[in-house]
Structure formats: structure tokens, C-alpha cells
Amino acid sequence: MVHFVEVLASHLDQYLLDGSPLSKHDLGSIESRANASGIPKETQHDEHVLRILLAALLAAGGSERLDTPSGPGQAVSSALPRWKDLHEQARAFLVAGIKREGCVSAKTADAVNLLNRPHVMEPFQKFGNRWTIADAEIDHGMRRPTRADETNVEELVRPVAQNQDKTTRPWYCSKPVLAVLSIAVIFVLVHIALLLRVLSKVHKADPNVLLLPVVGLSASACIALLAVGINKLSG
């Protein structure tokens, strides 16, 4: 079983591919080895990603029998595992980690090792992935029943449908809206009453005082009309 370890860009010289350091191979050479290992073409577009990926596969294939204290060690090309021998989820996570980080970090290696374990992915693919597996192919006897199996979907949806069927009342029939409008009307009426009371007192004291605003506005209107007429005549 392969076991992935941390692989940095500086480690490329420490992994041998066909007897030569991986960093010394040209693009055509590493692409031919990638094709031989079954790595898909869409993964080979980025040369740096492809080199790190091959180094990670070499390290994964040779890590069980090679261990040097000076570094990650060397692995021969015969230890290069086939791409399809890895679980699909592990392959996708490995490539995504290399593209994101530019290397295989320790966390990415641990996650890929976890995803590549048969007892992790195979039960999920057989029993748990209910979104992609047809219901007729699921062995319900191997799965513990849940509360969702006993729930009637129609009972859950019925209240929502009933609420949607109800006609929406106009906004002015809402009690909060009526309360706010009532307070506003009372406020306006009180101020109008106070204004009329003040005006009546002023009128009793001197009736001519109330005519002053009317005279002032009339004079302003006459001046404005005069200005407009002069402007028209001069134009």
C-alpha cells in the first residue's frame, strides 16, 4: 500500500526517475512516464505540478522500504504506483493540494493517505453516497435507519403549501400599521388645534397682524412677476 509523505520543490533532486534525478528530466520525458503511469492528460498541462506529482508518487511507492535520516530519501522508478490504483477522491485531493500549495505539504499527505484507505472510501461509496448511487442498488439492511427514513415528506410540506395559498392582507389592514397611523393623525390634529388657538388669540389682540403675512407674500409675488416680465422684454 502506498504512503504519501511531504514533498517540497527542493526535494526534486532527491528522487530518481529511470536512474536520473527528477529535476534533470525534460518535459517530454516526464510526460512519457506520466502516460505510462496512467496520469490523465489534463493533469499534465502544468510542468511544475507534474514534477511534484511524480515525486510524490515516487516517495509514496518507496517510503515503505527506503528511509534516510538526511532527507525524504530516494525512490526508484519501479516504485512508481499506477495512478488508477489510488482512490478517485485521493487523486483529486492530491492534485488540488499541489496546485494550491505548489508542493505536497504534510497535511495534504496525511489527508490523501486517509482518503486512500479502503476501509474509509469503499463503505462510503457502497452505502453512504446516496446522491450518486441508484436507490435500487443501495443495501438498506447494511445501514442504520435514521429519523429521516420515518419522516413523511408530505406532512412537512403541507403547512408551507397551506400558507402559500392564503391571500395576503393589504398593508393598511395590519394592526401595527393602523396603530402608527392613528398616533400620527392624533399628533397632527393636536398641533392644528394649538395653531388655531394661537391664531385666535392673535386675532383678538390685533386683527391686522394676521394680514401682514398675506401682504408680504403678495408683495413678493408682485416683485417676482415684475422681474419675469423685465426678463422677457429684455430677451
For residues 47-56, which residue pairs qualify under side-chain hydrogen bond (donor to acceptor under 3.5 Å, both in side chains), counting only residues two or more places apart or in two chains? Glu47-Arg51
According to ring pair (Phe, Tyr, Trp, His ring centres under 6.0 Å), who are the partners of His45, at least two apart in sequence or on a separate chain? none
I'd like to know if the side chain of Ser32 pairs up with that of Ser29 as donor and acceptor (distance under 3.5 Å, no hydrogens or angles considered). no
Testing the basics here: between Val5 and Ala59, what is the closest heavy-atom pair and its distance to 0.1 Å? CG2-CB, 3.6 Å
Smallest separation among heavy atoms of Ala9 and Cys103, with atom names: N-CB, 4.5 Å
What distance do His25 atom NE2 and Tyr15 atom OH have between them, rounded to the nearest 0.5 Å? 15.0 Å
Return a table of donor-acceptor pairs under 3.5 angstrom between the side chains of residues 215-225 and protein atoms on other chains or two or more places apart.
| from | atom 1 | to | atom 2 | distance (Å) |
| --- | --- | --- | --- | --- |
| Ser218 | OG | Val214 | O | 2.8 |
| Ser220 | OG | Gly216 | O | 3.0 |

Scanning both residues in full, the closest heavy-atom pair of Arg91 with Leu86 reads NH1-O, 2.7 Å
If I take atom CG from residue Leu22 and atom CG from residue Leu58, how far apart are they, to the nearest 0.5 angstrom? 6.5 Å
More than 12 heavy atoms of other groups within 6.0 Å of Arg197 CZ: no
Rounding to 0.5 Å, atoms CD (Glu101) and CD1 (Ile52) come to a distance of 11.0 Å
Where is the tightest heavy-atom contact between Leu50 and Ala34, given as atom of each residue plus distance? CD1-CB, 3.8 Å
If we only count heavy atoms from C-beta on, is the Leu194 to Val198 side-chain gap below 4.5 Å? no
Minimum side-chain heavy-atom gap Arg82-Leu57 below 4.5 Å: no
For Leu196, does its backbone N or O pair with a side-chain atom of Ser200 as donor and acceptor, under 3.5 Å? yes
Could you report the tightest heavy-atom contact between Phe93 and Ala111, atom names first, then the distance? CE2-CB, 3.5 Å
Interatomic distance, Leu199 atom CG to Lys204 atom NZ [nearest 0.5 angstrom]: 12.5 Å
Indicate whether the side chain of Asn116 and that of Gln89 have a donor and an acceptor atom separated by less than 3.5 Å. no
Do the side chains of Asp46 and Ile98 get nearer than 4.5 Å, heavy atoms only? no
Could you grab the distance from atom CG of Leu53 to atom CH2 of Trp83, nearest 0.5 Å is fine? 4.5 Å
Please check: side-chain N/O of His11 versus main-chain N/O of Leu8, any donor-acceptor pairing under 3.5 Å? yes
Does His87 form a side-chain contact (heavy atoms from CB on, under 4.5 Å) with Leu115? I'd like the steps, not just the answer. CA-CA 7 Å; His87 282 292; Leu115 291 174; 6.0 Å; no
Do Val202 and Leu195 share a hydrophobic cluster (ILVMFWY, side-chain heavy atoms under 4.5 Å, transitive)? yes
Taking Val104's backbone N and O only, do any of them form a donor-acceptor pair with Thr108's side chain (distance below 3.5 Å, no angle check)? no
Counting N and O atoms only, with roles assigned by atom type, does the side chain of Asn231 sit under 3.5 Å from a partner on the main chain of Ala227, one being a donor and the other an acceptor? no
dist Leu12:CG -> Lys24:NZ (nearest 0.5 Å) comes out at 11.0 Å
